[in-house]
Amino acid sequence: MRSIVWFRGKDLRVADHGPLVEAAASGEVIPLFVLDPYFFAPERARDLPHRMQFLLASLAELAATLAGLGSRLLVVPGRSVEVVPRLAALWQADQVLAHRWVEPFARERDRRVAAALGRDGVAFRCFEGETLLPPGSVRTGQDGMFRVFTPFARACSARLDLQAPLAAPRRLPPLPPGLPVETVAIPTVAALGLVPNPALQTGGEAAGQGRLRAFVDGALAGYGEGRDRMDQAGTSRLSADLKFGTLSVRTVWQAVAAAAAGADGRAYLNELLWREFSHHLLHAWPELLTQPFRPAFQGFPWREDEATWTAWVEGRTGYPVVDAAARQLLAEGFVHNRARMVAASFLTKHLLLDYRRGEAHYLRWLTDGDWAANSSGWQWSAGCGCDAQPWFRIFNPVAQGQRFDPDGAYVRRWVPELAAYPTACVHEPWKAPAALQAQSGYPAPVVVHALARARFLDTAKAHLGRPALLY
DNA sequence: TTATTATTTTG
DNA sequence: AAAATAATA
């Protein structure tokens, strides 16, 4: 049996890799990565600088790891739907093994690849592993899909009889001799027209394993409280590893569960279930990437206003947490989750701008930018998603800052104009002495919180109807 | 059994 | 208010 193991950018590892283990157990193995112009065309790559840097580093390490195991990663440019069937025929492969992706465009890609391979009698086998449980397999008592997180999480927990993660192969068979190859080198960041950014997380499976160990030995104890603190390193920082599969979600789950961290561990596993929920939702409702889940939000009168949009993007709204989030995103491709929520709430509610603009901006600049998680997070924040925050709940960016960045360290780090502001007003800089405000250059707020809040409530009430009186 | 209604729950 | 489930006819 000769198998192509098709690595595809969401499983850049050798540990807990079902297709690799299966291929190695059944005979000859040809590891393949396709540089699809869908992602790697220079104009596309320039649009995704942070993700591209992490991906290329992970890919280079994967190639080295596979070489160390006695195999070799073949990197081929071209459109997946064309390249994979052609190579399978050229290499006389019996089967192509890969991990299933949940996104609608990826499912279409796989459907077309499977059809083309099938015409040549080559099997295409998609393995689970992107999620803890197969999307669509977690059902309500009435056999429907869950639309509310907590019952979904309960149903997941009831059947999380996960197998132990698969060990990495200790050896792989060499590439079949005499294979016609047309490979290229893994491109560098610079070759794609990007400037390397040393502030980004380091890609690769080894760095991911290191981050997992550091989290389990460190911030996990105290996660329940620490995860909300924007000024502390209280979160896992594993989102990019989960996005690119340098860690499998099952590996992360098992490591945290085995740490027996009590309530802190459960709090983190709950976050993994939010990721799980977003993937299962996107599988059931592919239109979530373009449409609000709640039909009442169709045609919502989002404003079109380039001035406030640009202020939000560049971190010049005059609200410190919102601006810190914006600048952290552009600088290091990561934003603390609470700052993400505050920034998203501010864009959609205070500025009344379409959540899809923010969603696209975050997807472009986040190293961990993941279609399912990003989309469901933005819809949740905007109030139009599955089990979303009710639309009449509006984050107060000042209160959020005072509570979860009490010393102002987070906002001062990312908004240096605030360095000299007294802590008492670092989240309300308009209350600082006028001379300090003038000298710092930090902008006045683009909207007044109370007025913006009232404007959103009026707009939403007119479009969506009365809010619930209770709840 | 299954459809309907009541109750509980809800990031 | 809406979803999920439990209770009931």
Enumerate the side-chain hydrogen bond (donor to acceptor under 3.5 Å, both in side chains) contacts for residues 192-208 of chain A, please, sequence neighbours excluded, ordered by first and then second residue.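 Of all non-adjacent pairs touching residues 192-208 of chain A, none passes side-chain hydrogen bond (donor to acceptor under 3.5 Å, both in side chains).
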Any residue meeting salt bridge (charged side-chain N to carboxylate O under 4.0 Å, His left out) with A/Arg109, in chain and number order, not counting sequence neighbours: none
Run the salt bridge (charged side-chain N to carboxylate O under 4.0 Å, His left out) test against A/Arg8 and tell me which residues pass, sequence neighbours left out.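 If we apply the salt bridge (charged side-chain N to carboxylate O under 4.0 Å, His left out) test to A/Arg8, skipping adjacent residues, the hits are A/Asp110.
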Can you list the residues that meet the side-chain contact (heavy atoms from CB on, under 4.5 Å) rule with [X], with sequence neighbours excluded?
| X | answer |
| --- | --- |
| A/Thr140 | A/Gln142, A/Phe146 |
| A/Glu128 | A/Arg100, A/Thr131, A/Pro134, A/Pro135 |
| A/Arg356 | A/Gln291, A/Pro292, A/Trp302, A/Asp354, A/Glu359 |
| A/Arg147 | A/Trp285, A/Phe293, A/Cys386 |

Regarding A/Arg154, tell me which of base, sugar-phosphate or nothing describes its non-hydrogen contacts under 4.0 Å with the strands shown.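 Here A/Arg154 touches the backbone only, sparing every base.
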Could you tell me whether A/Trp380 contacts a base, only the sugar-phosphate backbone, or nothing, with contacts defined as non-hydrogen atoms closer than 4.0 Å?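 Here A/Trp380 touches the backbone only, sparing every base.
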What pairs of nitrogen or oxygen atoms, one from the protein and one from nucleotides 1-7 of chain B, lie under 3.5 Å apart?
none

Assert yes or no for the condition that the ring centre distance of A/Tyr319 to A/Phe346 is strictly below 6.0 Å. yes
Counterpart residues, side chain to side chain donor-acceptor pair (under 3.5 Å), relative to A/Thr317 (two or more places apart): A/Asp323
Please name all residues satisfying side chain to side chain donor-acceptor pair (under 3.5 Å) with A/Arg403, sequence neighbours left out, ordered by chain then number. none
Whole angstrom is fine here: how far is it from CH2 in A/Trp391 over to P in C/dA1? 12 Å
Pairing pattern in dot-bracket form [Watson-Crick, G-U; both distances under 3.5 Å; | = partner strand] for DNA chain B: .|||||||||.
Pairs under 3.5 angstrom, nitrogen or oxygen only, protein versus nucleotides 3-7 of chain C, please.
residue: C/dA4; atom: OP1; partner: A/Arg147; partner atom: N; Å: 2.3
residue: C/dA4; atom: OP1; partner: A/Val148; partner atom: N; Å: 3.3
residue: C/dT5; atom: OP2; partner: A/Gly141; partner atom: N; Å: 3.0

